[in-house]
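One structure below.
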Amino acid sequence: MNTKDLRVNGKRLQQTLEDMAKIGATPAGGVQRLTLSDEDKKARDLFVKWIKELDMEVIIDEMGNIFGKRAGKNNDLPPVMSGSHIDSQPKGGRFDGILGVMGPLEIVRTLHENKIETERPIIIADWTNEEGSRFAPAMLSSGVWAGALERDWAYDRTDINGLRFEDELIRIGYKGTVPAKNWPMHAYYEYHIEQGPMLEKDKKTIGAPKGILCLHWYDIYLDGEANQVGPTPMEGRHDALCACAEMILKVNELPDRMGGNMVATVGEIQNYPNSRNIIPDKVHFTVDIRSWDDELGIKSWELVRKDFEEIAAKRGCPIRIEETWRVEHAPFDEKLVQGILDVSKELGYSSLHMVSGAGHDASYMNQLAPAAMIFVPSIGGRSHVEVENTTWEDCESGANVLLHAMLKSANEV
Ligand SMILES: [Zn+2]
(Lines give C-alpha, C1' and ligand atoms only; values in the text may rest on other atoms or scores of the structure.)
Protein backbone atom coordinates (compact mmCIF):
# COMPACT_ATOMS: atom_id res chain seq x y z
CA MET A 1 0.00 0.00 0.00
CA ASN A 2 1.02 3.60 -0.50
CA THR A 3 2.17 4.69 2.93
CA LYS A 4 0.88 8.20 2.19
CA ASP A 5 -2.65 6.96 2.85
CA LEU A 6 -1.71 5.10 6.00
CA ARG A 7 -3.59 6.10 9.15
CA VAL A 8 -3.61 4.81 12.73
CA ASN A 9 -6.65 3.06 14.18
CA GLY A 10 -8.17 5.73 16.42
CA LYS A 11 -10.65 3.36 18.06
CA ARG A 12 -7.89 0.93 18.97
CA LEU A 13 -5.76 3.75 20.40
CA GLN A 14 -8.75 4.87 22.48
CA GLN A 15 -9.32 1.31 23.76
CA THR A 16 -5.63 1.01 24.64
CA LEU A 17 -5.66 4.27 26.57
CA GLU A 18 -8.89 3.26 28.33
CA ASP A 19 -7.40 -0.10 29.32
CA MET A 20 -4.37 1.67 30.75
CA ALA A 21 -6.56 4.22 32.57
CA LYS A 22 -8.15 1.35 34.54
CA ILE A 23 -4.80 0.69 36.21
CA GLY A 24 -4.69 3.03 39.18
CA ALA A 25 -8.02 4.63 38.28
CA THR A 26 -9.21 7.23 40.80
CA PRO A 27 -12.88 7.87 41.67
CA ALA A 28 -12.87 11.30 40.00
CA GLY A 29 -11.74 9.94 36.63
CA GLY A 30 -7.97 10.31 36.87
CA VAL A 31 -5.18 7.84 37.56
CA GLN A 32 -2.67 7.39 40.35
CA ARG A 33 0.24 5.37 39.06
CA LEU A 34 3.26 6.45 41.07
CA THR A 35 6.66 5.27 39.87
CA LEU A 36 7.57 1.72 40.94
CA SER A 37 4.25 1.22 42.74
CA ASP A 38 2.11 -1.91 42.24
CA GLU A 39 0.05 0.05 39.69
CA ASP A 40 3.17 1.01 37.76
CA LYS A 41 4.16 -2.68 37.68
CA LYS A 42 0.72 -3.69 36.39
CA ALA A 43 0.82 -1.09 33.62
CA ARG A 44 4.38 -2.09 32.68
CA ASP A 45 3.35 -5.76 32.50
CA LEU A 46 0.52 -4.87 30.14
CA PHE A 47 2.79 -2.72 27.97
CA VAL A 48 5.39 -5.53 27.77
CA LYS A 49 2.65 -8.02 26.83
CA TRP A 50 1.51 -5.71 24.03
CA ILE A 51 4.98 -5.15 22.58
CA LYS A 52 5.64 -8.90 22.66
CA GLU A 53 2.46 -9.46 20.64
CA LEU A 54 4.06 -7.37 17.90
CA ASP A 55 7.17 -9.57 17.82
CA MET A 56 9.21 -6.71 19.19
CA GLU A 57 12.35 -7.27 21.21
CA VAL A 58 11.89 -6.25 24.85
CA ILE A 59 14.86 -4.53 26.47
CA ILE A 60 14.76 -3.61 30.16
CA ASP A 61 17.71 -1.68 31.50
CA GLU A 62 19.08 -1.33 35.02
CA MET A 63 16.95 1.80 35.62
CA GLY A 64 13.80 -0.07 34.67
CA ASN A 65 13.47 1.81 31.38
CA ILE A 66 11.53 -0.41 28.97
CA PHE A 67 12.30 -0.44 25.25
CA GLY A 68 10.37 -2.27 22.56
CA LYS A 69 12.46 -2.67 19.44
CA ARG A 70 11.06 -3.37 15.99
CA ALA A 71 13.70 -4.50 13.52
CA GLY A 72 14.34 -2.48 10.38
CA LYS A 73 15.64 -3.58 7.00
CA ASN A 74 19.08 -2.43 8.07
CA ASN A 75 19.65 -2.94 11.77
CA ASP A 76 23.10 -1.37 11.68
CA LEU A 77 21.46 2.02 11.15
CA PRO A 78 20.70 3.99 14.35
CA PRO A 79 17.00 3.61 15.24
CA VAL A 80 14.21 6.15 15.42
CA MET A 81 12.88 6.32 18.99
CA SER A 82 9.65 7.58 20.46
CA GLY A 83 8.64 7.41 24.09
CA SER A 84 7.41 9.07 27.24
CA HIS A 85 6.33 7.75 30.63
CA ILE A 86 3.81 5.38 32.20
CA ASP A 87 4.06 6.86 35.71
CA SER A 88 1.69 9.61 36.86
CA GLN A 89 1.34 12.30 39.46
CA PRO A 90 -0.64 11.45 42.60
CA LYS A 91 -4.25 11.95 41.48
CA GLY A 92 -2.97 12.69 37.98
CA GLY A 93 -4.63 12.45 34.59
CA ARG A 94 -5.22 9.70 32.01
CA PHE A 95 -3.14 11.24 29.21
CA ASP A 96 0.05 12.78 30.59
CA GLY A 97 2.91 10.48 29.66
CA ILE A 98 0.92 7.41 28.75
CA LEU A 99 -0.20 8.96 25.44
CA GLY A 100 3.47 9.17 24.45
CA VAL A 101 3.98 5.44 25.06
CA MET A 102 0.66 4.13 23.70
CA GLY A 103 0.93 6.51 20.70
CA PRO A 104 4.08 4.88 19.25
CA LEU A 105 2.63 1.48 20.19
CA GLU A 106 -0.32 2.28 17.92
CA ILE A 107 2.19 3.34 15.21
CA VAL A 108 3.93 -0.04 15.38
CA ARG A 109 0.58 -1.89 15.42
CA THR A 110 -0.38 0.01 12.27
CA LEU A 111 2.92 -0.81 10.56
CA HIS A 112 2.69 -4.44 11.72
CA GLU A 113 -0.81 -5.12 10.38
CA ASN A 114 0.03 -3.41 7.08
CA LYS A 115 3.29 -5.35 6.86
CA ILE A 116 5.28 -2.17 6.37
CA GLU A 117 9.01 -2.41 6.88
CA THR A 118 11.19 0.60 7.58
CA GLU A 119 14.86 1.04 6.75
CA ARG A 120 15.79 1.80 10.35
CA PRO A 121 14.66 0.01 13.50
CA ILE A 122 11.93 1.69 15.55
CA ILE A 123 12.09 1.77 19.35
CA ILE A 124 9.31 2.63 21.80
CA ALA A 125 10.50 3.80 25.22
CA ASP A 126 8.93 4.00 28.67
CA TRP A 127 11.17 6.14 30.88
CA THR A 128 11.04 5.32 34.60
CA ASN A 129 10.10 8.12 36.99
CA GLU A 130 9.51 11.04 34.68
CA GLU A 131 7.21 12.76 37.16
CA GLY A 132 9.61 12.90 40.07
CA SER A 133 6.71 13.08 42.49
CA ARG A 134 7.65 9.88 44.37
CA PHE A 135 11.41 10.09 43.85
CA ALA A 136 12.93 13.53 43.10
CA PRO A 137 14.12 14.75 40.69
CA ALA A 138 11.91 14.46 37.63
CA MET A 139 13.13 12.76 34.41
CA LEU A 140 15.41 10.63 36.58
CA SER A 141 15.94 7.61 34.35
CA SER A 142 16.07 9.34 30.98
CA GLY A 143 18.66 11.54 32.72
CA VAL A 144 20.74 8.52 33.71
CA TRP A 145 20.34 6.99 30.25
CA ALA A 146 21.50 10.25 28.68
CA GLY A 147 24.55 10.31 30.96
CA ALA A 148 23.45 13.51 32.72
CA LEU A 149 22.77 11.81 36.10
CA GLU A 150 24.65 9.09 38.02
CA ARG A 151 23.04 5.66 38.24
CA ASP A 152 24.07 4.96 41.84
CA TRP A 153 22.96 8.38 42.98
CA ALA A 154 19.58 7.67 41.33
CA TYR A 155 19.39 4.28 43.08
CA ASP A 156 19.71 6.00 46.46
CA ARG A 157 16.81 8.42 45.94
CA THR A 158 14.19 7.74 48.61
CA ASP A 159 10.46 8.33 48.73
CA ILE A 160 8.56 9.97 51.58
CA ASN A 161 8.59 6.64 53.51
CA GLY A 162 12.32 6.19 53.13
CA LEU A 163 12.03 3.43 50.50
CA ARG A 164 14.95 3.38 48.06
CA PHE A 165 14.50 3.64 44.32
CA GLU A 166 16.65 0.57 43.58
CA ASP A 167 14.88 -1.57 46.21
CA GLU A 168 11.49 -0.67 44.77
CA LEU A 169 12.75 -1.37 41.26
CA ILE A 170 13.81 -4.86 42.38
CA ARG A 171 10.55 -5.37 44.31
CA ILE A 172 8.40 -4.85 41.20
CA GLY A 173 10.76 -6.99 39.10
CA TYR A 174 11.94 -4.31 36.70
CA LYS A 175 15.62 -3.97 37.49
CA GLY A 176 17.02 -5.16 34.19
CA THR A 177 20.57 -6.14 33.37
CA VAL A 178 21.17 -3.97 30.31
CA PRO A 179 23.29 -0.91 31.22
CA ALA A 180 21.30 2.35 31.34
CA LYS A 181 23.50 3.90 28.74
CA ASN A 182 22.43 5.65 25.56
CA TRP A 183 22.89 4.17 22.13
CA PRO A 184 23.09 6.13 18.88
CA MET A 185 19.70 7.44 17.71
CA HIS A 186 18.74 8.88 14.36
CA ALA A 187 15.83 10.89 15.77
CA TYR A 188 13.66 11.06 18.88
CA TYR A 189 9.99 12.02 18.97
CA GLU A 190 7.83 12.54 22.05
CA TYR A 191 4.07 12.68 21.72
CA HIS A 192 2.43 14.48 24.65
CA ILE A 193 -0.59 16.46 25.70
CA GLU A 194 0.08 20.19 25.72
CA GLN A 195 -0.68 20.68 29.45
CA GLY A 196 -1.45 24.32 28.72
CA PRO A 197 -4.22 26.37 27.05
CA MET A 198 -2.58 27.65 23.85
CA LEU A 199 -3.83 25.08 21.32
CA GLU A 200 -7.38 25.23 22.62
CA LYS A 201 -7.30 29.04 22.65
CA ASP A 202 -6.02 29.17 19.07
CA LYS A 203 -8.32 26.31 17.96
CA LYS A 204 -5.35 24.31 16.67
CA THR A 205 -5.03 20.53 16.64
CA ILE A 206 -1.27 19.96 16.60
CA GLY A 207 1.42 21.81 18.51
CA ALA A 208 5.03 21.67 17.40
CA PRO A 209 7.13 23.17 20.17
CA LYS A 210 10.32 24.79 18.96
CA GLY A 211 11.83 23.82 22.31
CA ILE A 212 11.54 23.87 26.08
CA LEU A 213 11.72 27.03 28.18
CA CYS A 214 14.63 27.74 30.46
CA LEU A 215 14.02 26.83 34.05
CA HIS A 216 15.44 28.82 36.96
CA TRP A 217 14.82 27.77 40.56
CA TYR A 218 15.54 29.82 43.68
CA ASP A 219 15.08 29.19 47.40
CA ILE A 220 14.48 32.09 49.77
CA TYR A 221 14.89 31.94 53.55
CA LEU A 222 13.60 34.76 55.76
CA ASP A 223 14.17 35.35 59.45
CA GLY A 224 11.80 37.34 61.62
CA GLU A 225 11.19 37.70 65.32
CA ALA A 226 8.70 35.41 67.00
CA ASN A 227 6.44 36.76 69.69
CA GLN A 228 2.98 36.35 71.15
CA VAL A 229 0.55 38.03 68.76
CA GLY A 230 -1.73 39.57 71.41
CA PRO A 231 0.58 41.68 73.54
CA THR A 232 3.01 42.64 70.72
CA PRO A 233 2.08 45.97 69.11
CA MET A 234 2.02 46.19 65.32
CA GLU A 235 4.78 48.72 65.39
CA GLY A 236 8.29 47.26 65.41
CA ARG A 237 7.28 43.74 64.44
CA HIS A 238 9.60 41.65 62.27
CA ASP A 239 7.05 39.40 60.64
CA ALA A 240 8.78 37.03 58.20
CA LEU A 241 5.48 35.90 56.65
CA CYS A 242 4.44 39.48 55.83
CA ALA A 243 7.81 40.05 54.16
CA CYS A 244 7.25 36.87 52.20
CA ALA A 245 3.72 37.95 51.19
CA GLU A 246 5.06 41.16 49.67
CA MET A 247 7.74 39.20 47.83
CA ILE A 248 5.26 36.70 46.39
CA LEU A 249 3.30 39.54 44.82
CA LYS A 250 6.49 40.99 43.37
CA VAL A 251 7.13 37.63 41.71
CA ASN A 252 3.59 37.53 40.37
CA GLU A 253 3.93 41.05 38.91
CA LEU A 254 7.34 40.34 37.39
CA PRO A 255 6.29 39.01 33.94
CA ASP A 256 4.09 42.05 33.37
CA ARG A 257 6.85 44.35 34.43
CA MET A 258 9.27 42.65 32.03
CA GLY A 259 6.84 42.96 29.12
CA GLY A 260 5.73 39.31 28.98
CA ASN A 261 7.39 36.27 27.38
CA MET A 262 8.01 34.67 30.74
CA VAL A 263 6.22 33.13 33.71
CA ALA A 264 7.16 33.42 37.37
CA THR A 265 5.70 31.41 40.23
CA VAL A 266 5.95 30.88 43.97
CA GLY A 267 4.61 27.37 44.43
CA GLU A 268 5.96 26.26 47.77
CA ILE A 269 6.09 27.92 51.16
CA GLN A 270 6.95 26.83 54.67
CA ASN A 271 6.05 29.05 57.57
CA TYR A 272 7.37 28.58 61.12
CA PRO A 273 6.26 27.98 63.74
CA ASN A 274 2.97 28.12 61.81
CA SER A 275 0.87 28.90 64.81
CA ARG A 276 -2.03 31.32 64.81
CA ASN A 277 -0.84 33.10 67.92
CA ILE A 278 2.86 33.48 67.19
CA ILE A 279 4.40 36.04 64.83
CA PRO A 280 6.22 33.96 62.15
CA ASP A 281 9.98 34.03 62.59
CA LYS A 282 11.07 31.75 59.75
CA VAL A 283 9.80 31.40 56.21
CA HIS A 284 11.11 29.44 53.26
CA PHE A 285 9.65 29.81 49.79
CA THR A 286 10.58 28.91 46.22
CA VAL A 287 10.69 30.95 43.03
CA ASP A 288 10.35 29.36 39.58
CA ILE A 289 11.11 31.52 36.53
CA ARG A 290 10.70 30.21 32.96
CA SER A 291 11.27 31.87 29.63
CA TRP A 292 12.46 31.14 26.12
CA ASP A 293 14.94 33.95 26.67
CA ASP A 294 17.53 32.90 29.28
CA GLU A 295 18.81 36.49 29.55
CA LEU A 296 15.33 37.84 30.26
CA GLY A 297 14.97 35.19 32.96
CA ILE A 298 18.20 36.28 34.62
CA LYS A 299 17.50 40.01 34.24
CA SER A 300 14.07 39.62 35.79
CA TRP A 301 15.56 37.64 38.66
CA GLU A 302 18.11 40.38 39.34
CA LEU A 303 15.29 42.91 39.44
CA VAL A 304 13.09 40.92 41.81
CA ARG A 305 16.10 40.03 43.94
CA LYS A 306 16.65 43.75 44.57
CA ASP A 307 12.98 44.07 45.57
CA PHE A 308 13.40 41.15 47.97
CA GLU A 309 16.40 42.79 49.60
CA GLU A 310 14.54 46.10 49.99
CA ILE A 311 11.48 44.44 51.49
CA ALA A 312 13.67 42.40 53.85
CA ALA A 313 15.51 45.53 55.00
CA LYS A 314 12.27 47.54 55.43
CA ARG A 315 10.72 44.82 57.59
CA GLY A 316 13.91 44.00 59.49
CA CYS A 317 13.86 40.39 58.31
CA PRO A 318 17.30 39.08 57.27
CA ILE A 319 17.16 37.23 53.97
CA ARG A 320 19.23 34.38 52.56
CA ILE A 321 18.93 33.51 48.87
CA GLU A 322 20.00 30.30 47.16
CA GLU A 323 20.24 30.04 43.40
CA THR A 324 19.29 26.37 43.31
CA TRP A 325 19.05 25.23 39.71
CA ARG A 326 19.35 26.76 36.26
CA VAL A 327 18.63 24.90 33.07
CA GLU A 328 19.00 26.83 29.84
CA HIS A 329 16.23 26.83 27.26
CA ALA A 330 16.52 23.86 24.92
CA PRO A 331 15.70 24.34 21.24
CA PHE A 332 14.54 21.20 19.45
CA ASP A 333 15.92 20.17 16.07
CA GLU A 334 14.60 22.71 13.55
CA LYS A 335 14.35 20.18 10.75
CA LEU A 336 12.30 17.73 12.82
CA VAL A 337 10.04 20.50 14.13
CA GLN A 338 9.44 21.74 10.60
CA GLY A 339 8.79 18.12 9.60
CA ILE A 340 5.98 17.94 12.16
CA LEU A 341 4.44 21.17 10.87
CA ASP A 342 4.70 19.86 7.27
CA VAL A 343 3.15 16.48 8.12
CA SER A 344 0.30 18.22 9.97
CA LYS A 345 -0.41 20.28 6.86
CA GLU A 346 -0.29 17.25 4.57
CA LEU A 347 -2.77 15.42 6.79
CA GLY A 348 -5.06 18.43 6.96
CA TYR A 349 -4.59 19.34 10.62
CA SER A 350 -4.16 22.90 11.83
CA SER A 351 -0.93 23.43 13.74
CA LEU A 352 0.87 25.89 15.98
CA HIS A 353 4.58 26.59 16.27
CA MET A 354 4.92 27.17 20.01
CA VAL A 355 7.08 26.53 23.09
CA SER A 356 6.87 23.97 25.88
CA GLY A 357 6.63 25.37 29.38
CA ALA A 358 7.00 21.95 30.98
CA GLY A 359 10.06 19.71 31.10
CA HIS A 360 9.94 16.31 29.36
CA ASP A 361 12.16 13.27 28.79
CA ALA A 362 12.71 14.79 25.35
CA SER A 363 14.88 17.46 27.05
CA TYR A 364 17.53 14.83 27.76
CA MET A 365 17.09 13.06 24.40
CA ASN A 366 17.58 16.45 22.75
CA GLN A 367 21.15 16.43 24.10
CA LEU A 368 21.87 13.15 22.28
CA ALA A 369 20.10 13.31 18.94
CA PRO A 370 17.75 15.46 16.86
CA ALA A 371 14.54 15.57 18.93
CA ALA A 372 11.07 17.07 18.64
CA MET A 373 7.67 16.86 20.29
CA ILE A 374 4.07 16.66 19.11
CA PHE A 375 1.41 18.28 21.30
CA VAL A 376 -2.35 17.85 21.23
CA PRO A 377 -4.80 20.12 23.11
CA SER A 378 -5.53 19.75 26.79
CA ILE A 379 -9.19 20.58 27.46
CA GLY A 380 -9.31 23.70 29.61
CA GLY A 381 -5.51 23.65 29.59
CA ARG A 382 -5.58 21.43 32.67
CA SER A 383 -3.11 18.68 33.54
CA HIS A 384 -1.58 16.88 36.54
CA VAL A 385 -5.18 16.72 37.81
CA GLU A 386 -7.93 14.11 37.59
CA VAL A 387 -10.02 16.16 35.15
CA GLU A 388 -7.13 16.24 32.66
CA ASN A 389 -8.69 15.49 29.28
CA THR A 390 -8.05 15.42 25.54
CA THR A 391 -10.58 14.40 22.89
CA TRP A 392 -10.17 10.95 21.29
CA GLU A 393 -10.21 12.66 17.94
CA ASP A 394 -7.20 14.78 18.88
CA CYS A 395 -5.40 11.73 20.28
CA GLU A 396 -5.89 10.06 16.91
CA SER A 397 -4.76 13.14 14.94
CA GLY A 398 -1.57 13.47 16.95
CA ALA A 399 -0.85 9.77 16.45
CA ASN A 400 -1.24 10.19 12.68
CA VAL A 401 1.27 13.03 12.73
CA LEU A 402 3.63 10.88 14.80
CA LEU A 403 3.15 7.98 12.37
CA HIS A 404 4.19 9.98 9.34
CA ALA A 405 6.97 11.90 11.09
CA MET A 406 8.45 8.58 12.29
CA LEU A 407 8.00 6.87 8.94
CA LYS A 408 9.89 9.68 7.26
CA SER A 409 12.79 9.53 9.75
CA ALA A 410 12.84 5.73 9.78
CA ASN A 411 13.20 5.57 6.00
CA GLU A 412 16.04 8.09 5.80
CA VAL A 413 19.28 6.37 4.89
ZN1 LIG B 1 4.49 13.93 31.04
Side-chain angles (χ1 to χ4, degrees), residues 3-4 6 8 51 54-59 61 65-85 100-112 114-127 139 141-148 178-192 206 208-212 330-344 346-347 356 360-375 398-413:
T3 57
K4 238 185 114 209
L6 198 63
V8 301
I51 52 182
L54 296 166
D55 303 326
M56 296 175 89
E57 181 191 348
V58 180
I59 302 163
D61 76 12
N65 294 321
I66 303 173
F67 305 95
K69 183 173 183 183
R70 182 178 198 256
K73 287 184 206 163
N74 184 349
N75 292 304
D76 294 331
L77 292 174
V80 172
M81 294 232 298
S82 183
S84 198
H85 56 99
V101 186
M102 298 304 111
L105 178 74
E106 175 55 35
I107 306 315
V108 175
R109 283 174 169 169
T110 302
L111 299 178
H112 190 75
N114 287 285
K115 301 192 173 51
I116 292 170
E117 270 192 294
T118 51
E119 296 293 331
R120 293 168 184 277
I122 286 177
I123 297 182
I124 309 174
D126 163 37
W127 302 108
M139 303 178 270
S141 305
S142 54
V144 171
W145 196 80
V178 177
K181 202 173 168 300
N182 57 85
W183 49 65
M185 282 183 284
H186 180 62
Y188 179 85
Y189 291 98
E190 184 161 347
Y191 178 26
H192 209 280
I206 302 295
K210 60 179 178 174
I212 297 180
F332 287 137
D333 186 78
E334 274 178 38
K335 218 180 98 216
L336 286 200
V337 174
Q338 190 54 49
I340 287 163
L341 293 167
D342 294 345
V343 166
S344 304
E346 280 160 32
L347 297 178
S356 171
H360 295 286
D361 293 307
S363 324
Y364 281 126
M365 297 308 116
N366 193 41
Q367 298 173 3
L368 304 172
M373 294 188 74
I374 296 164
F375 282 170
N400 277 323
V401 174
L402 179 66
L403 167 70
H404 285 278
M406 284 181 77
L407 262 179
K408 198 166 153 249
S409 293
N411 283 324
E412 278 165 353
V413 283

| Is it true that atom NZ of K73 has more than 12 heavy atoms of other residues, nucleotides or ligands lying nearer than 6.0 Å? |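 Above 12, so yes.
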| query | Counting only heavy atoms not in Q338, do more than 12 fall under 6.0 Å of its CD? | reply | yes
Less than 4.5 Å apart, side chain to side chain, heavy atoms only: is that true for [X] and [Y]?
X	Y	value
L402	S82	yes
S409	L336	yes
N366	I212	no

| said: Quick one about H404 and E346 (side-chain donor to acceptor, distance below 3.5 Å, no hydrogens or angles considered), yes or no? | reply: no
| Applying the ring pair (Phe, Tyr, Trp, His ring centres under 6.0 Å) test to W145, which of Y364, W183, Y188 qualifies? | W183
| What residues form a side-chain hydrogen bond (donor to acceptor under 3.5 Å, both in side chains) with S344, not counting sequence neighbours? |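 Expected list: none.
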| request: May I have the step-by-step check of side chain to side chain contact (heavy atoms under 4.5 Å, CB included) for L407 and V80, ending in yes or no? | output: CA-CA 9 Å; L407 262 179; V80 172; over 6 Å; no
Minimum heavy-atom distance [X]-[Y], with the two atoms named:
X	Y	answer
A208	L341	CB-CD2, 3.8 Å
L77	P121	O-CD, 3.4 Å
A369	M185	CB-O, 3.7 Å

| message | Name the residue from V101, L105, I59 that meets the side chain to side chain contact (heavy atoms under 4.5 Å, CB included) definition with I51. | response | L105
| field | Spacing of S84 atom OG and M373 atom CE [to the nearest 0.5 Å] | value |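 Answer for the OG-CE pair, S84 versus M373, is 6.5 Å.
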